[in-house]
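Everything below concerns the one structure shown next.
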Amino acid sequence: MAGPSFEEWISHLGLQQIDDPQIDKPVYRKTNFGKLELSAEIEKKFSTSLRHARDRRKIPRSKLAPMLGLSDQVYSRYENAVSRLTVGRLLHICEVLSISPVEILNPVAPHLWGEDQAQAETRGDHRKAGEFRRAHASSRSELSSPPEDEGD
């Protein structure tokens, strides 16, 4: 028995075909609360979300970049949607900023966290994701201000 057809899988998964100019073949996506988004739109939202996460921690890009082993110029490419992050780099940024990847990803694709906008906001709200911050509280100081110089 061959199992469900390709079209049956698309229907079962709730996907819609989208012709994305950055991809040379049709792709299938779920709607973001009624809107199908192209790859370029998603990348732009991701870079904005990444910058906002850093800004909320009040860490200048020039300080964060070297913590990641990058130059300021290379890191700025991520925040300006010029270069794409690898999953490993995203996780490293989350480690350094002491945040959950949800804080960056939820604003980009909230439909992954709920059936409607309200549910997605509740589930993906980084301020309500206190479990993550509490679990990491012992390994970091509050990052709302620069660390104090302890002297040598």
Side-chain angles (χ1 to χ4, degrees), residues 1-61 63-140 143:
M1 183 157 186
S5 69
F6 181 72
E7 290 78 15
E8 290 170 328
W9 273 113
I10 290 168
S11 177
H12 173 73
L13 296 171
L15 302 174
Q16 293 183 24
Q17 182 176 327
I18 184 169
D19 294 315
D20 193 324
Q22 291 189 336
I23 303 169
D24 63 349
K25 297 178 182 177
V27 295
Y28 299 84
R29 305 185 59 97
K30 290 190 177 188
T31 63
N32 187 348
F33 300 120
K35 184 175 186 255
L36 281 172
E37 294 182 313
L38 300 175
S39 296
E41 294 173 82
I42 294 168
E43 293 295 332
K44 188 168 178 74
K45 285 171 115 178
F46 180 83
S47 64
T48 299
S49 184
L50 183 65
R51 185 178 63 252
H52 288 166
R54 178 184 54 76
D55 287 346
R56 281 190 294 276
R57 303 297 169 302
K58 297 180 173 60
I59 299 176
R61 188 174 60 217
K63 302 292 189 246
L64 178 60
M67 293 178 199
L68 302 168
L70 301 171
S71 69
D72 184 36
Q73 294 81 9
V74 169
Y75 181 79
S76 72
R77 292 178 186 166
Y78 297 134
E79 289 190 358
N80 292 307
V82 174
S83 296
R84 292 182 177 184
L85 280 176
T86 63
V87 172
R89 180 79 69 200
L90 172 61
L91 294 175
H92 190 190
I93 290 168
C94 290
E95 288 171 358
V96 171
L97 295 178
S98 296
I99 61 173
S100 166
V102 172
E103 184 173 337
I104 295 171
L105 297 174
N106 181 265
V108 178
H111 62 287
L112 298 177
W113 278 266
E115 297 297 319
D116 57 40
Q117 191 72 40
Q119 186 182 54
E121 287 174 10
T122 299
R123 288 181 177 175
D125 189 343
H126 64 276
R127 292 170 298 233
K128 294 178 183 174
E131 298 82 42
F132 181 85
R133 284 192 291 284
R134 282 192 294 279
H136 289 65
S138 63
S139 65
R140 67 168 176 89
L143 294 175

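With a 6.0 Å radius and a threshold of 12 heavy atoms from other residues, nucleotides or ligands, E115 has its CD atom at or below the threshold.
Side-chain contact between I93 and L85 is present, with heavy atoms from C-beta onward closer than 4.5 Å. Residues V102 and W113 form a side-chain contact, since some pair of their non-hydrogen atoms from C-beta on lies under 4.5 Å apart. Contact annotation: the side chain of Y78 approaches that of R89 to within less than 4.5 Å [non-hydrogen atoms, C-beta and beyond]. Within the 4.5 Å cutoff, side-chain heavy atoms of R56 are placed close to those of E103. In this structure, the side chains of K30 and L15 come closer than 4.5 Å at one or more pairs of heavy atoms. L105 places none of its side-chain heavy atoms less than 4.5 Å from the side chain of L112. Counting heavy atoms from C-beta on, the side chains of S76 and R61 come closer than 4.5 Å. Between Y75 and N80, every side-chain heavy-atom pair lies at or beyond the 4.5 Å cut-off.
No donor-acceptor distance shorter than 3.5 angstrom exists from the side chain of R77 to the backbone of V82, with no hydrogens or angles considered. A donor-acceptor pair under 3.5 Å is absent between the side-chain atoms of E43 and the main chain of A40, judged by distance alone. Checking side-chain atoms of D19 against main-chain N and O of P26 turns up no donor-acceptor pair under 3.5 Å. N32 places no side-chain N or O within donor-acceptor distance of the main-chain N or O of K35, the cut-off being under 3.5 Å.
With rounding to the nearest 0.5 angstrom, the CD1 atom of I104 is 6.0 Å from the OG atom of S49. To the nearest 0.5 angstrom, T48 atom OG1 is 9.0 Å from E79 atom CD. One distance of note links CD1 of I42 with OG of S47; it measures 12.0 Å at 0.5 Å rounding.
Of all heavy-atom pairs between C94 and S100, the closest is SG-C, 4.1 Å. Taking all atoms of both residues into account, the shortest heavy-atom contact from P107 to P110 is O-CD, 3.9 Å. The shortest heavy-atom contact between K63 and P66 is O-CD, 3.3 Å. The shortest heavy-atom contact between S71 and A65 is O-CB, 3.5 Å.
The ring pair (Phe, Tyr, Trp, His ring centres under 6.0 Å) pairs that include a residue from residues 25-61 are F6-Y28, where partners are two or more places apart or lie in different chains.
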| request: Go through the steps to decide whether Q16 and T31 satisfy the test side chain to side chain contact (heavy atoms under 4.5 Å, CB included), and finish with yes or no. | output: CA-CA 8 Å; Q16 293 183 24; T31 63; 3.5 Å; yes

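Under the side chain to side chain donor-acceptor pair (under 3.5 Å) rule, E37 has a single partner from R29, H111, K44, K45, which is K45. With respect to R57, the side-chain contact (heavy atoms from CB on, under 4.5 Å) criterion is satisfied by exactly one of L64, L97, V96: L97.
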